[in-house]
Amino acid sequence: MKIAIEGCCHSELDAIYRELKRQEEKTQSQVDVLLIAGDFQAVRNEADLACLSVPEKYRKLGDFSSYYSGEKKAPVLTIFVGGNHEASNYLWELYYGGWVCPNIYYMGAANIINIGGLRVGGISGIYKEKNYTKGHFEKVPYNMESLKSVYHVREFEVCKLLNTGRTKPIDIFLSHDWPRGIEKHGDLKRLLSIKPYFFNDIQNNCLGSAANERLMNELQPAYWFSAHLHVKFEAIKIHNVYENWKENMVEMVKENPDEIDLNDEDDKVITKIEASHKITRFLALDKCLPGRHFLEILDIPTPHEVNEKPILSYDVDWLAICRVFHPYFSIEYQQPSLPWDNAYLAREIEKEKEWVYDHIVQLHGLEIPQHFEHTAPVVGNAFSAYPPPLYNNPQTEAFCKML
Ligand code: 5GP
Ligand code: MN
């Protein structure tokens with residue numbers, strides 16, 4: 001499947017689709033799906049601008065409003081996670097994921113979905129330790145503080161995601177901020193020559209998200225895509241070997257003396273290591289600006305050939321996990337303490353998977369319905385009073401009724 005990856009979007013959809021078309025023509029290929037790693041800015045109208053955390057000079061309606069109004073249509077299936085510049089009120093409406101306009105799907109605060117046969121996970125927001133263990137307490141209208149904390153990642157979502165790797169592997173994971181420490185698994189010298197001011201954070205091991213680091217280590221997806229730091233960066237994380245893989249080659253040669261030859265070129269060595277170790281290929285891209293590396297097309301093998309548009313479907317394990325964790329879901333400041341006992345969780349998830357088979361797989365099937373509906377007026381209309389959260393969007397209401 002041909003997958004395009006975009007770094008930070010900042011509502012520049014016209015430029016992104018133009019660049020996508022240019023690269024498609026250049027490579028004579030057709031992209032099946034575009035993944036966007038946050039700062040999407042799904043601002044529908046002027047009222048949403050109040051819910052966007054940006055410096056004043058950027059507080060403008062972007063391209064998205066024309067896609068929301070129906071004036072323009074996304075030319076390729078587009079899927080995104082949230083970052084730190086978002087219409088947070090709108091993304092909250094679609095907490096479990098949903099269509100923000102035709103052909104553009106938001107993954108929700110956290111999600112695992114199936115895209116044309118690939119198991120794709122995602123987490124929205126950025127990591128800030130001080131808000132990590134709180135509930136989703138932020139209410140519209142946001143104040144100066146909640147306007148920012150609303151996009152901070154919560155442990156609740158991370159705890160759910162940590163339970164998704166138990167039985168089936170994850171092919172792709174999307175996050176806005178980088179997994180902490182990933183810079184050590186790529187060309188760090190080059191990164192520092194472009195972004196010298198990362199030096200202190202790297203030395204203090206605080207560049208990137210601690211939550212994403214844990215998710216990457218435990219879920220070990222084949223690919224991980226991020227944005228936020230405004231630079232293209234590639235890395236390869238080899239799991240279950242300590243520290244930097246190059247320095248540990250000697251250990252690996254000892255483990256696999258027949259398979260690894262230190263005289264091979266890097267990519268040959270990696271291919272061989274892949275056979276015996278799980279690896280994650282990490283790619284971060286820049287924000288959408290002329291002359292920057294903000295879009296890349298990858299060809300990722302799928303279990304079945306994708307002929308038509310790839311189909312989006314729910315992940316059975318994820319639906320079961322949503323049911324197991326629902327009693328802990330909090331829209332208050334306080335987050336009830338979370339379940340961490342793996343044996344207990346595995347049992348509960350198995351139980352709920354049976355419920356999901358009986359009540360969802362059998363009755364509706366797993367395909368994600370394409371039932372986008374407008375929930376706010378399009379550009380130009382005043383719109384101030386938002387109904388209470390979570391059930392004010394018919395897509396979220398349908399999801400909650402189903403589950
Ligand atoms: P945004 O586009 O989300 O407003 O901000 C991203 C910018 O903040 C990037 O230019 C990035 O370099 C910087 N940034 C974000 N997180 C960190 C961090 O943890 N350390 C450092 N040094 N810079 C960061
Ligand atoms: Mn950002």
Side-chain angles (χ1 to χ4, degrees), residues 5-13 15-16 35-43 49 51-60 62-64 80-88 90-91 106-107 109-110 122-132 142 144-145 147-153 173-216 224-235 282-295:
I5 325 294
E6 159 67 36
C8 310
C9 168
H10 295 292
S11 211
E12 299 285 352
L13 290 168
I16 291 166
L35 305 179
I36 300 182
D39 285 351
F40 183 85
Q41 297 185 202
V43 177
L49 282 172
C51 301
L52 174 70
S53 167
V54 277
E56 283 314 308
K57 65 171 177 174
Y58 294 120
R59 201 178 297 282
K60 288 193 280 246
D63 295 345
F64 178 75
F80 73 98
V81 292
N84 55 319
H85 301 301
E86 300 298 349
S88 301
Y90 189 25
L91 297 196
Y106 164 55
M107 288 198 62
I123 188 160
S124 292
I126 58 171
Y127 177 80
K128 279 279 176 294
E129 193 182 357
K130 69 172 180 179
N131 293 314
Y132 189 53
Y142 303 123
M144 295 255 283
E145 267 171 71
L147 181 66
K148 290 185 169 297
S149 66
V150 67
Y151 55 73
H152 292 157
V153 167
F173 202 92
L174 262 184
S175 71
H176 184 57
D177 47 359
W178 298 15
R180 186 178 66 184
I182 193 66
E183 72 281 354
K184 296 183 188 74
H185 302 268
D187 193 342
L188 184 54
K189 261 195 207 135
R190 186 170 171 274
L191 177 66
L192 279 169
S193 73
I194 306 168
K195 301 272 181 190
Y197 50 90
F198 287 171
F199 183 79
N200 276 344
D201 284 0
I202 289 172
Q203 238 185 0
N204 298 322
N205 193 29
C206 67
L207 186 74
S209 156
N212 290 346
E213 180 186 28
R214 180 159 184 204
L215 285 167
M216 182 186 268
W224 186 300
F225 306 125
S226 302
H228 192 49
L229 294 184
H230 300 169
V231 62
K232 180 182 168 177
F233 182 75
E234 289 169 292
F282 174 76
L283 174 65
L285 289 165
D286 207 334
K287 72 168 164 180
C288 176
L289 278 178
R292 309 277 277 267
H293 284 115
F294 60 86
L295 191 109

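Ligands are counted one by one from 1 in listed order, and the atoms in each one are counted from 1 as well.
In terms of modelled atom types and a separation under 3.5 Å, the side chain of Asp187 and the main chain of Glu234 share no donor-acceptor contact.
Looking only at its N/O/S atoms, Asp39 has OD2 as the one nearest to the Mn ion (ligand 2). Among the heteroatoms counted here (N, O or S) of His228, ND1 is the one nearest to the Mn ion (ligand 2).
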Using the ring pair (Phe, Tyr, Trp, His ring centres under 6.0 Å) rule, take Tyr127 and Tyr132 through it: C-alpha gap first, then chi angles, then the decisive distance, then the call.
-> CA-CA 7 Å; Tyr127 177 80; Tyr132 189 53; 5.1 Å; yes

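Note on His176: counted as a metal contact of the Mn ion (ligand 2), an N/O/S atom lying under 2.8 Å. For Cys8, every N, O or S atom stays at 2.8 Å or more from the Mn ion (ligand 2). None of the N, O or S atoms belonging to Asp177 lies under 2.8 Å away from the Mn ion (ligand 2).
Other residues, nucleotides and ligands contribute only 12 or fewer heavy atoms inside 6.0 Å of the NZ atom of Lys128. Within a 6.0 Å radius of CZ in Arg59, more than 12 heavy atoms belonging to other residues, nucleotides or ligands are found.
Using a 3.5 Å distance cut-off with no hydrogens or angles, the side chains of Gln41 and His10 do pair a donor with an acceptor. Ser175 and Trp224 share a donor-acceptor pair across their side chains, judged by distance under 3.5 Å alone.
Taking the six-membered ring for Trp, Phe40 and Tyr106 have ring centres at least 6.0 Å apart.
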Sub-3.5 Å pairs, protein N or O with ligand 1 N or O:
| from | atom 1 | to | atom 2 | distance (Å) |
| --- | --- | --- | --- | --- |
| ligand 1 | 2 (O) | His230 | NE2 | 2.9 |
| ligand 1 | 3 (O) | Asp39 | OD2 | 3.3 |
| ligand 1 | 3 (O) | Asn84 | OD1 | 3.0 |
| ligand 1 | 3 (O) | Asn84 | ND2 | 2.8 |
| ligand 1 | 3 (O) | His85 | NE2 | 3.4 |
| ligand 1 | 3 (O) | His228 | ND1 | 3.1 |
| ligand 1 | 4 (O) | His85 | NE2 | 2.5 |
| ligand 1 | 10 (O) | His230 | ND1 | 3.1 |
| ligand 1 | 19 (O) | Asp201 | OD2 | 3.4 |
| ligand 1 | 20 (N) | Asp201 | OD2 | 2.4 |
| ligand 1 | 22 (N) | Asp201 | OD2 | 3.2 |

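Across all non-hydrogen atoms, the minimal contact from Leu207 to Ile202 is CD2-CG1, 3.9 Å.
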